[in-house]
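Indexing begins at 1, ligand by ligand and atom by atom, following the structure's order.
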Amino acid sequence: MQPYHLPDQTGHFGQFGGSFVAETLVHALDALRDAYDRYRDDPEFQREFAYELEHYVGRPSPVYHAQRWSEQLGGAQIWLKREDLNHTGAHKVNNCIGQILLARRMGKPRIIAETGAGQHGVAAATVAARYGLECVVYMGSEDVRRQASNVYRMKLLGATVRSVDSGSCTLKDALNEAMRDWVTNVEDTFYIIGTVAGPHPYPLMVRDFQSVIGQECIEQMPRDAGRQPDYVLASVGGGSNAMGIFYPYIDYEQVRLIGIEAAGEGLDSGRHAASLNRGVVGVLHGNRTYLLQDENGQITETHSISAGLDYPGVGPEHAWLKESGRAQYVGITDREALAAFHDCCRIEGIMPALESAHALAYATKLAPTLPRDQIILVNLSGRGDKDMHTVAELSGISL
Ligand SMILES: *Cc1c(COP(=O)(O)O)cnc(C)c1O
């Protein structure tokens, strides 16, 4: 097998990826690509990135043997990569640090971002505060209402939150508005995208910044677990925590990679966010990928218990990994994710993000089918404090 080497010069992963944007953005993306080409292998850039990850984010995050849970399930050993222990409580900050270091080198004093549930907005506002840059976060007015505490967090961190009142007043409308801002203010503005989607070079760049997750696992697993895992599992919204842990393992052919999508009320219910399992190939947010749309080509409303997985597309590299057969993608329902959330709390004393609970739920299905000496490594992408209200509400408890 040839070593994995994608995307190509034009940002393609097979037929997926690329750059489908308005003429006005071509220049901005070219400049970004040139800057990233220049700094990607620059030792000083890499040194600063590593320093920030260690001293600000708190890396490396450990791998943890979920021993009690594995014993109860009676099969393979489940190990967790503890991204929940990062500053701000999830993997998103890794990427935000990388992009803001690039923004500084490009001399851009102003950061913009868009956010749905608010998690990427909080991570962007955090790094903007850390470096004293101006930060504007676009958010659909419906999301502003639903995610009031994250809106307040962003404000405490000094960011301006712009509520977007168009379309369905959610993430995709915030995205359009952020793009409009970028076109207008491209001279002084850097747009931080929060997942492995968008036009080239974002899917490449975000994957590279997040791949610190898998690189650490490759060192940690032989030391702490005795060898590399047999399976690596991660939840897939846009796909950044999954690409982060998958990418360094792609050339380890014996390691199986499994991405877990939000099956919501069921893959055949019409109420889910499983673009790879139920989507069609098309263009969304500047790249060609799998997406959820109706017969008329309209993007459909998605549903998931977990706000972070509630996205109608998926990063183009996952589309490629699926097509090439290197990774496999499955669905986990709201109900299954919720059960895994409760089990993880009670059996391991770890409250997982509902996104991560999807990957955990699949691990609990897989483990009992495997011998005890097999190892399943799950990316625990974030902590669940943010989801307590959702879980309480579903249990009929008001906090
Ligand atoms: C945002 C988020 C996700 C989903 O985003 P990806 O880009 O698919 O990783 C998963 N887990 C947590 C904790 C998140 O905050």
**OP:** Have a look at ligand 1 and work out which part of K92, if any, has a heavy atom under 4.0 Å from it: side chain, backbone, both or neither.
**Re:** side chain

Original post:
When you check the side-chain N and O atoms of D343 and Q72, is any donor under 3.5 Å from an acceptor?
Top reply: no

Subject >> H91 and ligand 1 - part of the residue with a heavy-atom distance under 4.0 Å >> reply: side chain

Original post:
Would you say A242 contacts ligand 1, with heavy atoms under 4.0 Å as the rule?
Top reply: no

Original post:
ligand 1 and S235, any nitrogen or oxygen pair closer than 3.5 angstrom?
Top reply: no

**OP:** Among all protein heavy atoms, pick out the one at the shortest distance from atom 13 (C) of ligand 1; state its residue, atom name and that distance to 0.1 Å.
**Re:** S381 OG, 3.5 Å

**OP:** With heavy atoms of G237 as the reference, note each atom of ligand 1 found under 4.0 Å away.
**Re:** 8 (O)

Original post:
Just which atoms of ligand 1 are under 4.0 Å from any heavy atom in G382?
Top reply: 13 (C)

Original post:
Going by the atom numbers of ligand 1, which of them fall below 4.0 Å from some non-hydrogen atom of A353?
Top reply: 13 (C)

Original post:
Can you tell me if S381 and S356 form a side-chain donor-acceptor pair at under 3.5 Å?
Top reply: yes

**OP:** Would you verify whether the NZ or CZ of R104 falls within 45 degrees of the ring axis of Y131 while also being under 6.0 Å from that six-membered ring's centre?
**Re:** no

Subject >> Backbone of I78 reached by a side-chain donor or acceptor of S70 within 3.5 Å >> reply: yes

Original post:
Which residue holds the protein heavy atom closest to atom 15 (O) of ligand 1, what is that atom called, and what is the gap in Å?
Top reply: Q119 NE2, 2.4 Å

**OP:** I would like to know whether Y249 and Y252 meet ring pair (Phe, Tyr, Trp, His ring centres under 6.0 Å); could you show each step before the answer?
**Re:** CA-CA 5 Å; Y249 276 110; Y252 288 65; 5.5 Å; yes

Subject >> Side chain E177, main chain V164, donor-acceptor under 3.5 Å >> reply: no

Original post:
Quick one: nearest non-hydrogen protein atom to atom 10 (C) of ligand 1, plus distance?
Top reply: E355 CB, 3.4 Å

Original post:
Between D165 and S141, does any side-chain donor sit less than 3.5 Å from a side-chain acceptor?
Top reply: yes

Original post:
Should the pair R105 and F45 be classed as cation-pi, given the thresholds of under 6.0 Å to the six-membered ring centre and 45° from the axis?
Top reply: no

Subject >> atom 4 (C) of ligand 1: nearest protein contact (heavy atom, Å) >> reply: G308 O, 3.4 Å

Original post:
Taking distance alone, with no angle check, do V236 and ligand 1 share an N/O pair under 3.5 Å?
Top reply: no

**OP:** Check S240 against ligand 1 and report side chain, backbone, both or neither, counting heavy atoms closer than 4.0 Å.
**Re:** both

**OP:** Step through it carefully: locate the ring centre of H285, locate the ring centre of Y311, and say whether they are under 6.0 Å apart.
**Re:** yes

